[in-house]
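All ligand and atom numbering here is 1-based and tracks the order in the structure. The figures here come from the full heavy-atom set of this structure, side chains too, leaving out hydrogens, waters and symmetry mates.
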Amino acid sequence: MGEFELIERYFKRPARQAALGVGDDCALLQATPGTQLAISSDMLVEGRHFLSTVDPFKLGHKALAVNLSDLAACGARPLAFTLALALPRADDAWAAPFAKGLFALADAHGCELIGGDTTQGPLNICITVFGEVPVLNGRSQALLRSGAQAGDDIYLSGTVGDARMALEVFRGTLALPASAFEAARSRMEQPTPRVALGIALRGIASAAIDISDGLLGDLGHILKQSGVGATVEADSAASRVAARAHCSDIAPAQWRDWALAGGDDYELLFCAPVSQREAVTAAAQASQTVVTRIGRIETARGLRLIDASGQLLPNTYGSFDHFA
Ligand code: ADP
Ligand code: MG
């Protein structure tokens, strides 16, 4: 199978929303009047972002999920994506399940593959997603990192820390009961992009980010870009680890470490004024997403951590950095 046969067989489908899809030099997208385009790219490199043994179906899901998560964090509705793929060889056994996992998630979000590039090389997957956000009375409805205000609540969607736990099991540095490992592993391999929640939070959240490098590290981006500080209740966050329901003998401090600095979570971390608490609850219900209040934005710069009893905890957490 050659390059063009591979594209034809697995990645070319008739265009639906797009004015022109795969097959020409450019794809064409018709922008909806009164909206802005939201665009984001994420690359997945073998050995760095995924293990070489991962099921290609799950990899197809994850490659798009991490990109949709960025649209979610902006409150954007997904429209389309491109796929730049480097593959060691044109291989049906890999491409068929990869495309299946990719399109299952794409179809669930009405997000269509409109183009890309295919080359021979070490396995590397780069997706660019395109979404749209409305502009109302000249104001973009996009959720940004820069809008948090002192007094705002800080919220977390879903569960965090599991991807890190699963990675440690794969590396041999952690042993878990089978049920806990399954819970953690599915969060690592098949994260759920919180697209419906992000859209529901337009006009409610003051700031948002998706958690890829660790909860506190990513919160740090909101704090920096908003010029504020925060106090986070470490144990509220640590209570939201999916595997926790399956483990009994792990110390509270260990759960905090995984929840606060684990990374690879693809949950939304967002802020909203106290006056919006009911609206946040309604957005969580409408999008069928668990949302947990984990802290408060403050004028005093810096990040303070407290435990369930309000005692200050040392904050020694850093954010993941590829070059650190
Ligand atoms: P060009 O050489 O003009 O860049 P290509 O020969 O690389 O075009 O690609 C042919 C068509 O196939 C283009 O429409 C391109 O967007 C699409 N394409 C290439 N690789 C992929 C892929 N992995 N997934 C989806 N579309 C792809
Ligand atoms: Mg090309």
Side-chain angles (χ1 to χ4, degrees), residues 1-32 35-74 76-132 189-193 195 210 212 264 266 322:
M1 177 171 52
E3 171 190 337
F4 297 107
E5 212 184 324
L6 180 85
I7 297 167
E8 193 76 30
R9 193 178 294 178
Y10 294 111
F11 300 119
K12 185 170 180 174
R13 303 201 304 183
R16 284 174 290 179
Q17 305 185 79
L20 185 65
V22 170
D24 214 303
D25 292 309
C26 287
L28 297 172
L29 270 185
Q30 184 67 52
T32 312
T35 66
Q36 284 178 330
L37 276 181
I39 302 161
S40 181
S41 294
D42 259 306
M43 183 156 69
L44 266 68
V45 176
E46 184 174 68
R48 170 115 322 238
H49 299 97
F50 59 90
L51 306 166
S52 56
T53 51
V54 71
D55 173 354
F57 179 93
K58 292 175 179 171
L59 188 59
H61 172 102
K62 184 162 179 176
L64 182 59
V66 303
N67 279 280
L68 291 176
S69 179
D70 284 311
L71 290 184
C74 265
R77 183 173 78 83
L79 294 174
F81 67 105
T82 60
L83 169 67
L85 197 57
L87 275 176
R89 58 198 164 272
D91 178 0
D92 287 303
W94 187 88
F98 174 82
K100 215 169 169 196
L102 180 80
F103 283 124
L105 186 66
D107 291 346
H109 289 278
C111 189
E112 77 183 315
L113 179 57
I114 55 169
D117 199 22
T118 305
T119 168
Q120 197 273 330
L123 187 55
N124 186 322
I125 304 156
C126 183
I127 288 181
T128 298
V129 278
F130 301 84
E132 63 183 16
E189 293 182 337
Q190 295 194 283
T192 306
V195 173
D210 71 315
S212 51
D264 222 17
Y266 307 102
H322 280 283

*asked:* Tell me whether Q17 contacts the main-chain N or O of G110 through its side chain, where contact means a donor paired with an acceptor under 3.5 Å.
replied: yes

Let me check something: any side-chain donor-acceptor pairs from residues 88-99 under 3.5 Å, sequence neighbours excluded? List them with distances.
from, atom 1, to, atom 2, distance (Å)
D91, OD1, A93, N, 3.0
D92, OD1, R9, NH1, 2.7
D92, OD1, Y10, OH, 2.4
D92, OD2, R9, NH1, 3.2

*Would you please name every residue forming a ring-ring contact (aromatic ring centres under 6.0 Å, His included) with F130, sequence neighbours left out?*
none

_Heteroatom proximity flag, D25 to ligand 1, N/O under 3.5 Å_ = yes

*Which bit of D24 is near ligand 1, meaning a heavy atom under 4.0 Å away: side chain, backbone, both or neither?*
backbone

*Run through I125, V54, D264 and flag the one making a side-chain contact (heavy atoms from CB on, under 4.5 Å) with K62.*
D264

*Short list, please: which atoms of ligand 1 are under 4.0 Å from a heavy atom of D117?*
7 (O), 19 (C), 20 (N), 21 (C), 23 (N)

*Out of L83, I7, I127, L102, whose heavy atom is nearest to atom 22 (C) of ligand 1?*
L83

*asked:* Geometry only, no angles: is F4 polar-contacting ligand 1 at N/O separations under 3.5 Å?
replied: no

*Short side-chain to backbone donor-acceptor contact, D117 and A84, under 3.5 Å*: no

*With no hydrogens and no angle check, is any side-chain donor or acceptor of H61 less than 3.5 Å from a backbone partner on P191?*
yes

_Out of all atoms in ligand 1, which are within 4.0 Å of some heavy atom of T118? Include the element for each._
19 (C), 20 (N), 21 (C), 22 (C), 23 (N)

*Taking both backbone and side-chain atoms of G21, is any N or O found less than 3.5 Å from an N or O belonging to ligand 1?*
no

*Please determine if G116 has a nitrogen or oxygen closer than 3.5 Å to a nitrogen or oxygen of ligand 1.*
yes

